[in-house]
Amino acid sequence: MSSNQNERLTASYSAYRPRLFTDRLFLPGPGSCQFSGPFDRAVRFIQENQLLDTALWTRFAEQFTGPSDDHDLGWRCEYWGKLMRGGALVWSYTRDPELYQRLEAAARAMLQNAGPDGRISTYSREAEFQGWDIWGRKYVLLGMEYFYDICQDEGLKAELLASLRAQTDCLLAHFGPGKADLRKASCHWEGLNSSSLLEPVVRLYNMTGEQKYLDFAGYIVGLGGIQSANIFELALEDRLDPWQYPVTKAYEMMSCFEGLLEYARATKDEKWARAVVNFARRVLHSDITIIGSAGCTHELFDHSRLGQADPSYTGIMQETCVTVTWIKLCGQALCFTGDTIFGDAIERSLYNALLGAVNTNKVPRDPLSPGGWLPFDSYSPLRAGLRGQAVGGRMVMADNTIYGCCAAIGAAGLGAAAQLSALHSREGAAVNLYFPGTLELSTPSGRSLVVRIDTAYPVGEEITLELSLDEPESFELALRIPGWCAAPEAQINGETVTPSPGWLRLERHWEDKDKVCLRFPMPVDAVGSWQLGPGSGELPPHLALVRGPVVLAASEEFPGCDLSKPVEFARTADGAIRALPLSEVPFEAQQAFKVALQNGWMEFTDYASAGKGYDKRIAIWVRVRQ
């Protein structure tokens, strides 16, 4: 995208926030899309099996009726807010009345947990301001703020806003210039987790306009995120990758940068916006793996781009909390910059890491989990390994049930993806993700614009978009052309146009029933571990197969598959991988192929479908013979 094209897109990030200084795209608001297909089924699976679970909401709220985190300085305090944020985002897509009732009841229940001064915490006053206390309070604030955005009861909205003010005022009384240092309110990660309070504080300023909240946000930014360095300045300088920072906890750090971009919007301070974009680009190029997550050693930035094919570490990796927060950060960066690399990144994360983590088979993972299973897996293997190796953020609650951080956050990733599927610009609308279904948007004049998408993408290569307009109108329809596609094709009402990666900007006089047809050819391509960058040639050679945005996985669910043995792929005369579609697969899969080897065939399926029984090893990076 050229700088001139970038400048043409100026609008706000969200329908719920004022239009701010340089955002390129903004979200269309609740109820703007209805989809079918695998993505929609995943969302509704989570809605039915997690978000509508009244007992789960009750259990999470009960953690705040007493000091449930005092004895181990734990993070039970995060679950309610994570789930409420995810629930609000999912409701913005499904508009399910029963879900809204659950969310409203949960919000009212949480309001009852406030102390006389408005404080809401799972830590006693004697034990507060250590461990994960600030982190948990952050999530209560975020949960309430996201529900406030969709709340239909003006009286309840007033109660929520009063509570948000009171909770934050409790923190202002203790932290700030001349008071306690927020970074020292946790013994973990040099206070990085506490510094992520920045996002809900700026959001509260946007809701109230009260200067004291913006001042407090400025204080947090001035602290720099951690004690030993200023990570915001490091990102602004743009000399280091995040895995080279003194603290490398991926999820908490990305949360801090989400807050920094909110602060940049509120203050119109371009340097901090530039720091966030620098940071996001660095993460993308140094740490995001082939499935769209980060962290090949636990949940850390660790130069995962290189480490993903390194067999020396076999423990947990690719945390779902990291995946979801990466999708949300990319959404922020996409709206701010208009750069489709962030749309490409959202798509890759969604179709592989996130959908792969949804426990659609309800496989038991922990005997103490509610009902015996958790809706999201916590970690995703890249080399030969099992899904479900551990429950991330596992905490035992008073009723002797457990929950985990990834299980609580996953819904937010699905809701964010639905929200980011289509966007508005000052010149018109932009389609970012191609789900089959209907987009309800508006033209620059405010008239209704309905876009119906007919596709089997990313299994099929063809996408048809049909416009429905009350009256003909001139505006721009921008369509994301994925960066991975070498030879995209496009037609408008049968007339060929030539797209290239980036936005296909179709500025014309549109009429009812106009059609745009896209085709994204998706051969099965190979990525060698030796192509991952400097130092990758020293790794044992591995190969990964991709088809469009989807990563393919070998799985021992296929009879005869043995991931412990290196293989040698056969090639065509022009060096291409020979892959044939499979019509029969011994488990539910979106797409599957048999791929030619020098001495036979090897079966692969889309990564999101592989290993969902949790008892057979799967692998993206397959060891190849030297």
Exercise for review: May I have the step-by-step check of side-chain contact (heavy atoms from CB on, under 4.5 Å) for D339 and V277, ending in yes or no?
Suggested key: CA-CA 10 Å; D339 193 330; V277 176; over 6 Å; no
Review point. In chain order, what residues pass the salt bridge (charged side-chain N to carboxylate O under 4.0 Å, His left out) check against K612, with sequence neighbours excluded?
Key: none
Review point. Can you tell me how far the CZ atom of R508 sits from the OG atom of S474, to the nearest 0.5 Å?
Key: 9.5 Å
**Study point:** Heavy-atom check, side chain of T323 versus side chain of Q318, under 4.5 Å
**Key:** no
**Study point:** Min side-chain heavy-atom separation L518-L504 under 4.5 Å
**Key:** yes
Point to revise | Partner set under side chain to side chain donor-acceptor pair (under 3.5 Å) for E473, not counting sequence neighbours | key: T443, S445, R447
Exercise for review: Hey, could you give me the CG/OG distance between L423 and S32, rounded to the nearest 0.5 Å?
Suggested key: 9.0 Å
Review point. Any chance the side chains of Y93 and D40 put a donor and an acceptor closer than 3.5 Å?
Key: yes
Point to revise | Sequence-distant partners of R480, side chain to side chain donor-acceptor pair (under 3.5 Å), two or more places apart | key: D344, E347, N432
**Study point:** N-O pairing of E98 and R102 below 4.0 Å
**Key:** yes
**Study point:** Sequence-distant partners of W132, ring-ring contact (aromatic ring centres under 6.0 Å, His included), two or more places apart
**Key:** W75, W135, H188
Check your understanding: For F257, which residues count as a ring-ring contact (aromatic ring centres under 6.0 Å, His included) partner, sequence neighbours excluded?
Key -> F232, F279
Exercise for review: Would you please name every residue forming a side chain to side chain donor-acceptor pair (under 3.5 Å) with N49, sequence neighbours left out?
Suggested key: K362
Revision key, fill the gap. Closest non-hydrogen contact found for L414 with F39 is O-CZ, 3.4 Å
Exercise for review: Taking the six-membered ring of F336 (Phe, Tyr or Trp), confirm whether the NZ or CZ of R265 is under 6.0 Å from its centre and within 45° of its axis.
Suggested key: no
Practice item. Output yes when a side-chain donor or acceptor of R387 lies under 3.5 Å from a complementary backbone atom of A610, and no otherwise. Key: yes
Check your understanding: Looking only at atom types and distance, does a side-chain atom of R203 sit under 3.5 Å from a main-chain N or O of G259, one as donor and one as acceptor?
Key -> no
Check your understanding: Does a side-chain heavy-atom distance below 4.5 Å link V358 with F376?
Key -> yes
Study note, to complete from the structure: On a heavy-atom basis, the closest approach of W503 and V431 is CZ3-O, 3.5 Å
Practice item. Check for a donor-acceptor pair, side chain of T455 on one end and backbone N or O of E462 on the other, with a separation under 3.5 Å. Key: yes
Point to revise | Heavy-atom donor-acceptor pair, D23 side chain to C335 backbone, under 3.5 Å | key: no
Study note, to complete from the structure: D512 and S468 have their tightest heavy-atom pair at OD1-CA, 3.2 Å
Practice item. Name all residues meeting the salt bridge (charged side-chain N to carboxylate O under 4.0 Å, His left out) criterion together with E258; count only those two or more places apart in sequence or in a different chain, and write none if there are none. Key: K328
Check your understanding: With a 4.5 Å limit on heavy-atom distance, are the side chains of L260 and V221 in contact?
Key -> yes
Exercise for review: For the pair E461 and R519, find out whether any cationic side-chain nitrogen is under 4.0 Å from an anionic carboxylate oxygen.
Suggested key: yes
**Study point:** Whether over 12 other heavy atoms sit under 6.0 Å from Q152 CD
**Key:** yes
Check your understanding: About how many Å separate OG1 of T54 and CH2 of W57, when rounded to the nearest 0.5 Å?
Key -> 10.0 Å
Exercise for review: Mind listing the closest non-hydrogen atom pair of L99 and D96 along with its distance?
Suggested key: N-OD2, 2.8 Å
Check your understanding: What residues, two or more places apart in sequence or in another chain, satisfy side chain to side chain donor-acceptor pair (under 3.5 Å) together with Y139?
Key -> Y251
Check your understanding: In Å, rounded to the nearest 0.5 Å, how long is the span from CG of L141 to OG of S163?
Key -> 8.0 Å
Exercise for review: For the pair K157 and C151, evaluate side-chain contact (heavy atoms from CB on, under 4.5 Å) and give the outcome as yes or no after the intermediate values.
Suggested key: CA-CA 6 Å; K157 289 183 75 171; C151 184; 3.5 Å; yes
Point to revise | Residue pair H424 / S442, side-chain heavy-atom distance below 4.5 Å | key: yes
Exercise for review: Go through the steps for R505 and E427 under the test salt bridge (charged side-chain N to carboxylate O under 4.0 Å, His left out), then give the verdict.
Suggested key: CA-CA 10 Å; R505 300 183 176 280; E427 279 70 34; over 6 Å; no
Exercise for review: Using only heavy-atom distances, determine whether the side chains of E476 and S425 contain a donor-acceptor pair under 3.5 Å.
Suggested key: no
Study note, to complete from the structure: Sorted by chain and residue number, the side chain to side chain contact (heavy atoms under 4.5 Å, CB included) partners of A250 (sequence neighbours excluded) come out as F301, V322
**Study point:** Residues forming a ring-ring contact (aromatic ring centres under 6.0 Å, His included) with Y403, sequence neighbours excluded
**Key:** F60, Y79
Check your understanding: What are the two closest heavy atoms between L25 and A430, and how far apart are they?
Key -> CD2-CB, 4.3 Å
Practice item. Check step by step if side-chain contact (heavy atoms from CB on, under 4.5 Å) holds for E145 and L164. Key: CA-CA 8 Å; E145 287 171 349; L164 288 164; 3.8 Å; yes
Check your understanding: Donor-acceptor pair, T320 side chain versus D377 backbone, under 3.5 Å?
Key -> yes
Exercise for review: Please say whether more than 12 non-hydrogen atoms of neighbouring residues, nucleotides or ligands are located less than 6.0 Å from NZ in K271.
Suggested key: yes
**Study point:** Y146/M84 under side-chain contact (heavy atoms from CB on, under 4.5 Å): CA gap, chis, key distance, verdict
**Key:** CA-CA 7 Å; Y146 273 77; M84 178 57 78; 5.8 Å; no
Point to revise | Check: S304 side chain, I288 main-chain N or O, donor-acceptor pair, under 3.5 Å | key: no
Practice item. Could you check if a side-chain atom of I120 sits within less than 4.5 angstrom of a side-chain atom of M144, using non-hydrogen atoms only? Key: yes
**Study point:** Atom pair CD1/CZ of I327 and R348 - distance to nearest 0.5 Å
**Key:** 12.5 Å
Review point. Can you check whether Q591's main-chain N or O pairs, donor with acceptor, with D606's side chain at less than 3.5 Å?
Key: yes
Review point. Roughly how far apart are R41 CZ and E48 CD, rounded to 0.5 Å?
Key: 15.5 Å
Review point. P488: what forms a side chain to side chain contact (heavy atoms under 4.5 Å, CB included) with it, not counting sequence neighbours?
Key: I481, C485, P499, F520
Point to revise | Any side-chain donor near an acceptor of the partner, S92 and Q419, under 3.5 Å | key: no
Practice item. Say whether, by atom type as modelled, one donor and one acceptor occur between the side chain of S421 and the main chain of A418 under 3.5 angstrom. Key: yes
Check your understanding: Do T289 and I620 have side-chain heavy atoms sitting under 4.5 Å apart?
Key -> no
Exercise for review: Answer yes or no: is there a donor N or O on one side and an acceptor on the other, between the side chain of Q50 and the main chain of A407, under 3.5 Å?
Suggested key: yes
Point to revise | P458 to V550 - nearest heavy-atom pair and separation | key: CG-CG2, 3.7 Å
Point to revise | For Y100, ring-ring contact (aromatic ring centres under 6.0 Å, His included) partners two or more places apart | key: W91, F147
Exercise for review: Taking the side chain as every heavy atom from C-beta outward, state whether R108 and D153 have any atom pair closer than 4.5 Å.
Suggested key: yes
